[in-house]
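First comes the structure, then the notes that go with it.
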Amino acid sequence: CETKDVGIISSYCELKKCPQSELLSYLKEVRFLMEYGFFGTLRKEKRTLTRIYPETIKTNLSNLKHLVFEVTESCNLQCYYCGYGSLYNSVIGRHSTRLPFEKAKALIDYLIPFWRKDECRSKALNISFYGGEPLLNFSFINNVVEYLNEINIFDCLRFSITTNGTLLHHYVEYLVDNNFKVDISLDGNKHDNRYRVDKEMTNTFDKVLENINIIRNHYPDFFSNNVQFQAVLSKANSIDSITRFFNNEF
């Protein structure tokens with residue numbers, strides 16, 4: 001990280017087949033983190049605190065607070081800045097694989113004996129679904145929700161989903177009935193959102209806003225309490241324009 005030798009940097013880039021601009025960008029980030037103490041050597045007495053013991057693992061499993069499923073890598077969008085997109089040439093790309101419910105059931109069945117311990121009673125479990133676009137594998141979500149309700153271990157189950165919003169109109173009633181927290185990706189107004197496109201390179205803003213308004217108009221309390229947004233800051237928008245849009249629109 002400390003080297004500024006052009007020859008070393010050039011040789012490394014040639015070896016790893018990466019552009020120098022990309023390497024220099026990463027070096028800049030690492031130097032920044034080093035400057036603010038994010039890297040360093042732990043003292044010996046602190047290293048002993050990081051040892052992991054079987055009983056610690058069992059306790060943590062018994063008191064698990066959050067279970068997260070990557071439902072699918074599939075996505076019906078082709079956002080310009082996506083980590084699986086063309087800007088990231090080192091990534092092979094998305095696969096169309098979808099997580100089968102059997103794998104989730106096997107995991108849950110493994111955890112059940114830990115959860116059934118007395119100290120786990122009356123606690124809440126948070127279950128999150130993301131992708132890709134998780135609603136492309138809705139049957140998985142439905143099966144997990146049904147199974148966790150069926151085993152009836154937790155007094156409170158809290159479900160959440162991160163979605164691009166384009167398919168919400170198909171599943172609004174389900175999400176409301178199961179009190180999901182819904183995190184919708186939207187980068188601001190139509191101009192600000194222009195990097196979020198579908199396979200035909202069409203801006204998805206109109207469709208997403210239409211689906212948001214279905215929720216807002218038919219389930220206003222759910223919208224106020226359960227819906228939130230996440231925006232990507234890019235060259236297409238600004239913090240001011242994003243903030244202004246959400247404040248004015250919602």
Side-chain angles (χ1 to χ4, degrees), residues 25 28-29 32-33 36 65-72 74-88 94 124 126-136 138 141 145 156-250:
S25 175
K28 183 179 179 182
E29 292 177 15
F32 175 86
L33 293 172
Y36 286 92
K65 293 181 174 63
H66 202 161
L67 191 58
V68 183
F69 293 103
E70 183 181 11
V71 177
T72 179
S74 298
C75 188
N76 57 339
L77 300 190
Q78 198 166 311
C79 303
Y80 287 107
Y81 50 60
C82 177
Y84 290 91
S86 58
L87 288 178
Y88 298 83
R94 287 193 187 278
N126 299 283
I127 307 96
S128 298
F129 304 96
Y130 80 104
E133 171 48 51
L135 290 175
L136 289 173
F138 174 74
I141 297 172
V145 171
C156 179
L157 293 171
R158 301 190 184 111
F159 300 105
S160 63
I161 186 170
T162 301
T163 174
N164 60 38
T166 59
L167 302 175
L168 281 173
H169 55 299
H170 294 301
Y171 305 106
V172 171
E173 288 186 14
Y174 177 87
L175 297 173
V176 172
D177 288 344
N178 289 280
N179 199 31
F180 266 69
K181 294 289 185 181
V182 182
D183 193 357
I184 303 173
S185 299
L186 188 66
D187 292 350
N189 61 34
K190 190 167 186 175
H191 176 272
D192 288 2
N193 196 71
R194 65 184 185 272
Y195 286 170
R196 299 191 60 79
V197 297
D198 59 22
K199 303 295 185 180
E200 285 72 45
M201 297 294 127
T202 301
N203 191 329
T204 58
F205 175 84
D206 291 336
K207 182 60 185 174
V208 175
L209 185 61
E210 178 184 345
N211 288 341
I212 292 170
N213 284 329
I214 290 174
I215 302 174
R216 180 163 56 166
N217 295 334
H218 291 87
Y219 307 97
D221 290 339
F222 178 84
F223 179 80
S224 296
N225 298 321
N226 291 55
V227 175
Q228 62 183 19
F229 301 94
Q230 60 173 323
V232 174
L233 182 63
S234 70
K235 292 181 179 179
N237 55 20
S238 69
I239 293 175
D240 286 343
S241 65
I242 294 170
T243 305
R244 192 181 314 114
F245 168 76
F246 285 110
N247 283 338
N248 292 341
E249 185 69 31
F250 303 119

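Computed from heavy atoms alone, side chains included, the values below leave out hydrogens, waters and symmetry copies.
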Might you point out which heavy atoms bring Pro134 and Ile141 nearest each other, and give the distance in Å? O-CD1, 3.6 Å
Please answer whether the main-chain N or O of Ala124 pairs with a side-chain N or O of Arg158 as donor and acceptor at a distance below 3.5 Å. no
Is there a donor-acceptor pair under 3.5 Å between the side chain of Asn126 and the backbone N or O of Lys65? yes
Taking atom CD of Gln230 as the centre, report whether more than 12 heavy atoms of other residues, nucleotides or ligands fall under 6.0 Å from it. yes
Are a donor atom and an acceptor atom from the side chains of Asn76 and Thr166 found within less than 3.5 Å of each other? yes
To the nearest 0.5 angstrom, please state how far the CD atom of Gln78 sits from the CE atom of Met201. 3.5 Å
Approximate separation, where rounding is to 0.5 Å, of Asn164 CG and Leu136 CG: 7.5 Å
A side-chain contact here means heavy atoms from C-beta on lying under 4.5 Å apart; do His169 and Glu210 qualify? no
Residue of the set Leu175, Val208, Ile214 for which side chain to side chain contact (heavy atoms under 4.5 Å, CB included) holds with Leu168: Leu175
Please report the interatomic distance CG(Leu233) to CD1(Ile239), rounded to the nearest 0.5 Å. 5.5 Å
Of all pairs that satisfy side-chain hydrogen bond (donor to acceptor under 3.5 Å, both in side chains), the ones with a partner from residues 233-245, not counting sequence neighbours: Asp192-Ser241, Ser238-Ser241
Nearest 0.5 Å, please: how far is CG in Asn211 from CG in Asp206? 11.0 Å
Taking the six-membered ring for Trp, are Phe246 and Phe229 parallel (under 30°), tilted (30 to 60°) or perpendicular (over 60°)? tilted
Determine the minimum heavy-atom distance between Lys199 and Leu77, stating which atoms define it. NZ-O, 3.4 Å
Given Phe138 and Leu167, is the side-chain contact (heavy atoms from CB on, under 4.5 Å) satisfied, shown in steps? CA-CA 10 Å; Phe138 174 74; Leu167 302 175; over 6 Å; no
Kindly determine whether Thr202 and Val197 satisfy side-chain contact (heavy atoms from CB on, under 4.5 Å), including the steps that lead there. CA-CA 5 Å; Thr202 301; Val197 297; 5.8 Å; no
Can you tell me if Asn203 uses its side chain to pair, donor with acceptor, with the backbone of Lys190 under 3.5 Å? yes
Between Val232 and Tyr195, is the side-chain contact (heavy atoms from CB on, under 4.5 Å) condition met? List the steps. CA-CA 10 Å; Val232 174; Tyr195 286 170; over 6 Å; no
If you take all heavy atoms of Leu186 and Phe245, which pair is closest and at what distance? CD2-CE2, 3.8 Å
Provide the full list of side-chain hydrogen bond (donor to acceptor under 3.5 Å, both in side chains) pairs with a residue in residues 217-227, sequence neighbours left out, each pair given once. Asn179-Asn226
Restricting to non-hydrogen atoms, name the atom on Glu249 and the atom on Arg216 that form the minimum distance, rounded to 0.1 Å. O-NH1, 2.6 Å
Would you mind reporting whether Leu135 and Ile161 have side-chain heavy atoms less than 4.5 Å apart? yes
Looking only at heavy atoms, what is the nearest atom pair of Ser128 and His66, with distance? OG-NE2, 2.6 Å
Is a side-chain N or O of Thr162 found less than 3.5 angstrom from the main chain of Tyr130, in a donor-acceptor match? no
Would you sort out whether Val227 and Ile215 count as a side-chain contact (heavy atoms from CB on, under 4.5 Å), showing the intermediate values? CA-CA 9 Å; Val227 175; Ile215 302 174; 4.2 Å; yes
Determine the minimum heavy-atom distance between Ile212 and Phe250, stating which atoms define it. CG2-CE2, 3.6 Å
Rounded distance (nearest 0.5 Å) linking atom CZ of Phe159 with atom CZ of Phe129: 6.0 Å
Nearest-0.5 Å distance that lies between atom NE2 in His191 and atom CG in Asn189: 7.5 Å
Looking only at the side chains, is there a donor atom on one of Thr163 and Glu133 sitting less than 3.5 Å from an acceptor on the other? yes
